[in-house]
Amino acid sequence: MTSQRVLVTGATGYVGGRLVPRLLARGHTVRVLARSPQKLADVPWAAEVEVVEGDLSDAASLERAMAEIDVVYYLVHSMRARGDFASEEADTARAVAEAARTAGVSRIVYLGALHPDGPLSQHLRSRVAVGRILLDSGVPAIVLQAGVVIGSGSASFEMIRQLTEVLPYMPAPRWVRNRIQPIAIRDVLHYLLAAAELPPEVSRAFDIGGPDILRYGQMMNGYAVEAGLPQRPIASLPVFTPWLASQWVNLVTPIPRSLAVPIIESLQYDCVMREHDIDAVIPPPEGGLTGYRTAVRLALARMRDGDVETSWRNSSVAGAPSDPLPSDPEWTGHTVYTDVRERESDAAPAELWRVVEGIGGERGWYSFPLAWALRGWMDKLVGGVGLRRGRRDADRLSTGEVLDWWRVERISRGPEGGALRLRAEMRVPGRAWLELDVTPAAGGGSHYRQRAVFFPRGLAGRLYWFSILPFHGVIFNGMANRIVAEPDRLRSVVSPRRGRG
């Protein structure tokens with residue numbers, strides 16, 4: 001194995017975030033291209049890679065990113081449910097191909113999707129088209145066409161898990177009878193790593209999949225067995241169109257509609273390997289490929305141990321606000337609404353900060369849980385992310401991570417407290433942030449400051465703010481009171497355990 005200079009696009013995603021540390025472990029020099037480098041600020045390998053800020057659609061960004069690069073990993077997919085995303089993906093693939101050829105890159109590796117011959121969904125057609133563009137680029141390319149990826153934190157695994165655990169009886173579309181060849185995330189990474197080391201004369205698409213071919217219903221019941229649940233009766237209903245099925249998944253699982261649509265569209269087809277040519281160029285991993293139920297067992301163990309390396313939850317949400325909170329001088333000319341609450345606490349700053357950093361997810365928001373849940377359901381009904389995305393780690397947050405319907409825009413911590421800024425990804429007529437700060441109090445103890453910020457969009461945004469203003473006194477006031485009281489409550493119980501508020 002020769003050390004190579006590698007560029008990874010999509011390093012903030014589910015697969016890319018796992019691939020980077022494994023490339024580093026194999027001795028490669030890694031550069032990542034990121035539209036929002038701050039999302040990588042807290043990943044364990046941040047100091048070991050070079051980060052280039054830029055966009056795949058920008059020629060200057062691509063030129064900087066590909067300078068002196070040997071291998072490019074193209075791991076970016078659009079998960080939009082609407083719009084002409086296929087044309088945009090094709091244009092981006094052409095831009096990447098041109099930049100790679102100009103820079104003298106020796107290999108492109110692309111992760112596509114298993115698909116049958118014949119008519120395909122828009123998302124699968126786009127995956128196939130991108131693969132062809134890269135193969136026709138003049139740069140040796142490997143297109144790995146994978147089935148449903150199973151691993152802790154993967155969107156497909158999470159959809160199976162949620163549907164199986166929530167519903168004792170499964171009304172389902174006809175696609176539950178389609179054949180699928182799932183693959184464990186560890187095996188996907190095995191093929192991705194090895195693809196970078198293939199000789200240049202190997203340039204083509206390869207199907208990859210695990211050892212099991214199952215129906216989707218069998219996958220759900222296989223999960224049930226591994227999770228210690230009764231197997232679920234499944235009824236195939238012809239009235240369940242892909243659109244209706246995506247609404248159903250959106251409502252009963254944390255998967256937002258924008259992500260459910262491409263997953264469900266791909267399940268309308270038998271997606272199994274049509275050839276096994278990959279075995280001749282990349283042997284299976286030592287010990288063989290991972291079976292479906294073994295992959296489920298491993299994923300559940302990771303979840304129990306709190307060791308979920310990357311998650312679908314941190315994927316960018318189409319249409320969600322992504323601009324950071326403007327600094328004060330830039331507010332001139334803007335309409336800005338704020339709600340500020342401040343409290344004093346006898347707790348040490350570090351003690352109170354642990355409460356703040358542990359907010360959300362299973363612990364809740366320390367105020368009026370029914371109101372938070374209702375607002376989450378309302379967001380789901382209009383195609384938003386809802387409140388059930390949770391958090392990856394119960395105790396620690398990182399920049400760029402998801403926290404229910406928020407995304408961590410900034411976090412800083414130290415022995416004297418910390419500061420947390422959350423950007424809302426719910427559907428609102430404007431842009432919203434929530435800031436939670438803990439600092440030492442002048443006379444000892446801690447000072448807690450909580451600020452909600454809202455930039456309304458048009459008349460609808462202004463009406464929205466004033467319509468919810470009466471609830472702020474209950475929700476935000478109660479939230480501040482209970483957060484500062486939580487350290488005392490924790491000290492009063494024999495077995496420390498935070499409640500849901």
List the atom of [X], the atom of [Y], and the distance in Å for their closest heavy-atom pair.
X	Y	result
S152	M303	CB-CG, 4.2 Å
R18	L189	CB-CD1, 3.9 Å
A224	T164	CB-CG2, 3.8 Å
G360	L403	CA-CD1, 4.0 Å
P415	A350	O-CB, 4.0 Å
L33	L7	N-CD1, 3.9 Å

Q: Take R341 and D339, measure what salt bridge (charged side-chain N to carboxylate O under 4.0 Å, His left out) needs, and give me the verdict at the end.
A: CA-CA 7 Å; R341 312 278 168 169; D339 183 288; 2.8 Å; yes
With rounding to the nearest 0.5 angstrom, report the [atom1] to [atom2] distance, [X] to [Y].
X	Y	atom1	atom2	value
R94	L134	CZ	CG	10.5 Å
Y191	L111	OH	CG	12.5 Å
R391	E401	CZ	CD	8.0 Å
I183	S154	CD1	OG	12.0 Å

Around atom [atom1] of [X], are there more than 12 heavy atoms of other residues, nucleotides or ligands at under 6.0 Å?
X	atom1	result
E63	CD	no
R343	CZ	yes
D346	CG	no
E68	CD	no

Q: Output all residues satisfying side chain to side chain donor-acceptor pair (under 3.5 Å) with S446, sequence neighbours left out; order by chain, then residue number.
A: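 Per chain and number, S446 pairs via side chain to side chain donor-acceptor pair (under 3.5 Å) with no residue.
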Identify every side-chain donor-acceptor pair in residues 456-467 under 3.5 Å, counting partners at least two apart or on other chains, and give the distances.
from	atom 1	to	atom 2	distance (Å)
R462	NH1	G458	O	3.0
R462	NH2	T335	OG1	2.9
Y464	OH	R375	NH2	3.4
S467	OG	L463	O	3.3
S467	OG	Y464	O	2.7

Q) E357 pairs by side-chain contact (heavy atoms from CB on, under 4.5 Å) with which of L420, I411, D395? A)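 Among L420, I411, D395, the one that satisfies the side-chain contact (heavy atoms from CB on, under 4.5 Å) with E357 is I411.
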**Q.** E344 vs V484, side chain to side chain contact (heavy atoms under 4.5 Å, CB included): CA-CA, chis, key distance, verdict
**A.** CA-CA 7 Å; E344 303 297 321; V484 297; over 6 Å; no
**Q.** Criterion side chain to side chain donor-acceptor pair (under 3.5 Å) on D55 and S61, from CA distance to verdict
**A.** CA-CA 6 Å; D55 193 285; S61 297; over 6 Å; no
Q: List in chain and number order the residues that pass ring-ring contact (aromatic ring centres under 6.0 Å, His included) with W372, two or more places apart in sequence or in another chain; answer none if no residue qualifies.
A: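 For W372 the ring-ring contact (aromatic ring centres under 6.0 Å, His included) partners, ignoring immediate neighbours, are W365, W405.
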**Q.** Of Q4, H28, R5, the residue whose pairing with D70 passes side chain to side chain donor-acceptor pair (under 3.5 Å)
**A.**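 Of all the options given, the one that passes is R5.
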Q) Thinking salt bridges, do R64 and E53 make one under a 4.0 Å N-O criterion? A)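 Not counted as a salt bridge, because no side-chain N and carboxylate O are separated by less than 4.0 Å.
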Q: Take L40 and W45 through the test side chain to side chain contact (heavy atoms under 4.5 Å, CB included) and record every step on the way to the result.
A: CA-CA 9 Å; L40 298 169; W45 39 264; 3.6 Å; yes
